[in-house]
Amino acid sequence: METNYGISSPWEKVYWFARMLINSDQYGGIGGDSRRMNALASAIKTAIDQSNDDEHIVMEFLNQKLKNILLEGRKPGTSIYHSLEKLYMDLQDDLITLTDFKILCLTCEKVLVPINSCLGNIPSNDSEFVETYANTFLKKEGAKGLANIINILDDKGLRGSLECERKQLVASFSELRKNIENEMSGADLDSVLTAFCQEFERRVGQKRKGRAGRGVEGATSLIFRHFGIKASQAPEHFTTGLEIDRWVRTKEGWYIGISCKRTLRERWKQAYTTDLNLLNRHKIQALWHVLTYDKDLSDEKLTEIGSHRAVLYLPDDSPKLKKAGNHPGMKEYVRPMSSFIDDLKSLVS
DNA sequence: TCAAACTTCGGTGAACCGCG
DNA sequence: CGCGGTTCACCGAAGTTTGA
């Protein structure tokens, strides 16, 4: 472990242990498995409390135990197995003394397990909370309510979820602090507490992305249900680089693919295909993209997407939409959310 | 020179598969 | 059915490139 500016504490390892155990690319992300984390923690505790052997014998025992718990029930040869073996190997560099095992123990029991359960208590989608609200709103406002509904759901869902995240964090932070502040202080205490918060935020932040995406998807599907638009099966053997959430069959028997996202980001090139033959072969009239975030759309992107049978639906108050409205070509394929249903209905019936 | 445009990253959750 | 395993979409923030 690097020593940093004279403020380093052995408890800095809490952060790095947590990081390694959660890292799914390299190490299999086993830290999310609370059962194993608890098993590991109690194995370390009992070994340290009950053994009278000298340190290196206990260490050897614990290393074996660690390996067993990490690999137990896993099939050799799978990619996860290799990742976990690598995790075990790389952990060795930081497990030099029994104190290091105590630190690992605390990481599992007091950092990872609580964060896991916090994550479990935080919703992974906003739909339940938002559904009844949205339905009454749409009933009252009708199709013109569409202008705001997705953004409102987005905001409401975000707000509600952030509040929930804060509650979870404050409560578990408090518990952790009370738990350890009698035994440690100063830089040690700081290292543990900040490691907890930093990992909490990293993970909850990732969860937030998925939730935002599902929120848009859910809001759109709610709109479909509310206005009684039937989704159809996807045309056979047609796949895009981009996920199409639902297909709608027009009265002419062609298809419109609808994809819902918060933003396109680097995926914008997959939002259209230049292969018009492919579209014709599968009777695909257009691909519609419902987006709530417009800031990463440049004019170049808009025209490129729009010139290949793709249509973008943006929030009514979107500046990019406003700009496109003044442009004769662009307004054909950059459309306001509020006309989404009418556009769709005129094609379906 | 520096802001705008664009791309990359990565933990989570869901879908799916094969197995017992 | 449940469980391990794999794959993929999610997007906010950080990082890189472009172009005026």
## Note on the structure
Under a 4.0 Å heavy-atom criterion, the protein footprint on nucleotides 5-12 of chain B, written with B, S and -, is -SSBBBBB
## Note on the structure
Residues pairing under side chain to side chain donor-acceptor pair (under 3.5 Å) where one sits in residues 18-33 of chain A, two or more places apart or in two chains, turn out to be A/R19-A/E199, A/Y27-A/D90, A/D33-A/R36
### Estimated bend of the helix from B/dT1-C/dA20 to B/dG20-C/dC1 (axis per five terminal pairs, rounded to 10 degrees)
20°
### Query
In whole angstrom, what separates A/D154's CG from C/dG12's C1'?
13 Å
### Message
List the residues meeting side-chain contact (heavy atoms from CB on, under 4.5 Å) with A/K283, not counting sequence neighbours, and say none if there are none.
### Response
A/W254, A/Y255
### Message
Distance check needed: C/dC11 P versus A/L162 CG, whole Å only.
### Response
16 Å
### Listed partners of A/K67 passing salt bridge (Lys or Arg N to Asp or Glu O under 4.0 Å), at least two apart
none
### Message
Each nucleotide in nucleotides 15-20 of chain C should get exactly one letter: B, S or -. Can you fill that in based on protein heavy atoms under 4.0 Å?
### Response
------
### Task
Give the rounded distance in Å between these two atoms: CG of A/D33 and C1' of C/dC3.
12 Å
### Task
Could you tell me which residues satisfy salt bridge (Lys or Arg N to Asp or Glu O under 4.0 Å) with A/K45, sequence neighbours excluded, listed by chain and number?
A/E109
### Task
Output every pair passing ring-ring contact (aromatic ring centres under 6.0 Å, His included) with a member in residues 90-114 of chain A, not counting sequence neighbours, ordered by first then second residue.
none
### Task
Specify the separation, in whole Å, of atom CZ of A/R208 and atom C1' of C/dA13.
11 Å
#### Entry: ring-ring contact (aromatic ring centres under 6.0 Å, His included) pairs, two or more places apart, involving residues 305-329 of chain A
A/Y272-A/H308, A/W288-A/Y313, A/Y313-A/F340
### Task
Just jot down the salt bridge (Lys or Arg N to Asp or Glu O under 4.0 Å) partners of A/E300, sequence neighbours excluded, or say none.
none
### Query
Are any of A/S79's side-chain N or O atoms less than 4.0 Å away from OP1 or OP2 of C/dT6?
yes
Enumerate donor-acceptor pairs with a distance under 3.5 Å from any side-chain N or O in residues 114-121 of chain A to protein atoms, sequence neighbours excluded.
| unit_1 | atom_1 | unit_2 | atom_2 | d |
| --- | --- | --- | --- | --- |
| A/N116 | OD1 | A/R203 | NH1 | 3.2 |
| A/N116 | OD1 | A/R203 | NH2 | 2.7 |
| A/N116 | ND2 | A/G31 | O | 3.0 |
| A/N116 | ND2 | A/G32 | O | 3.3 |
| A/N116 | ND2 | A/S34 | OG | 2.9 |
| A/N116 | ND2 | A/L112 | O | 3.4 |
| A/S117 | OG | A/P114 | O | 3.1 |
| A/N121 | ND2 | A/S117 | O | 3.3 |
| A/N121 | ND2 | A/Q168 | OE1 | 3.2 |

#### Entry: Distance in angstrom units between A/I80 CD1 and C/dC3 C1', rounded
12 Å
### Message
With a 4.0 Å limit, can you tell me whether A/K261 has a side-chain N or O closer than that to the phosphate oxygens OP1/OP2 of C/dC10?
### Response
yes
#### Entry: Length of the line joining A/E217:CD and C/dC11:P, which is rounded to integer Å
10 Å
#### Entry: All side chain to side chain donor-acceptor pair (under 3.5 Å) counterparts of A/K207, not counting sequence neighbours
none
#### Entry: A/Y293 OH to C/dC10 P, straight-line distance once rounded to whole Å
17 Å
### Query
For A/S161 and A/R208, does a side-chain donor sit closer than 3.5 Å to a side-chain acceptor?
no
### Query
Whole-Å distance between C/dC8 P and A/I244 CD1?
17 Å
### Pair A/D316, A/S338: side-chain N/O donor-acceptor within cut-off below 3.5 Å
yes
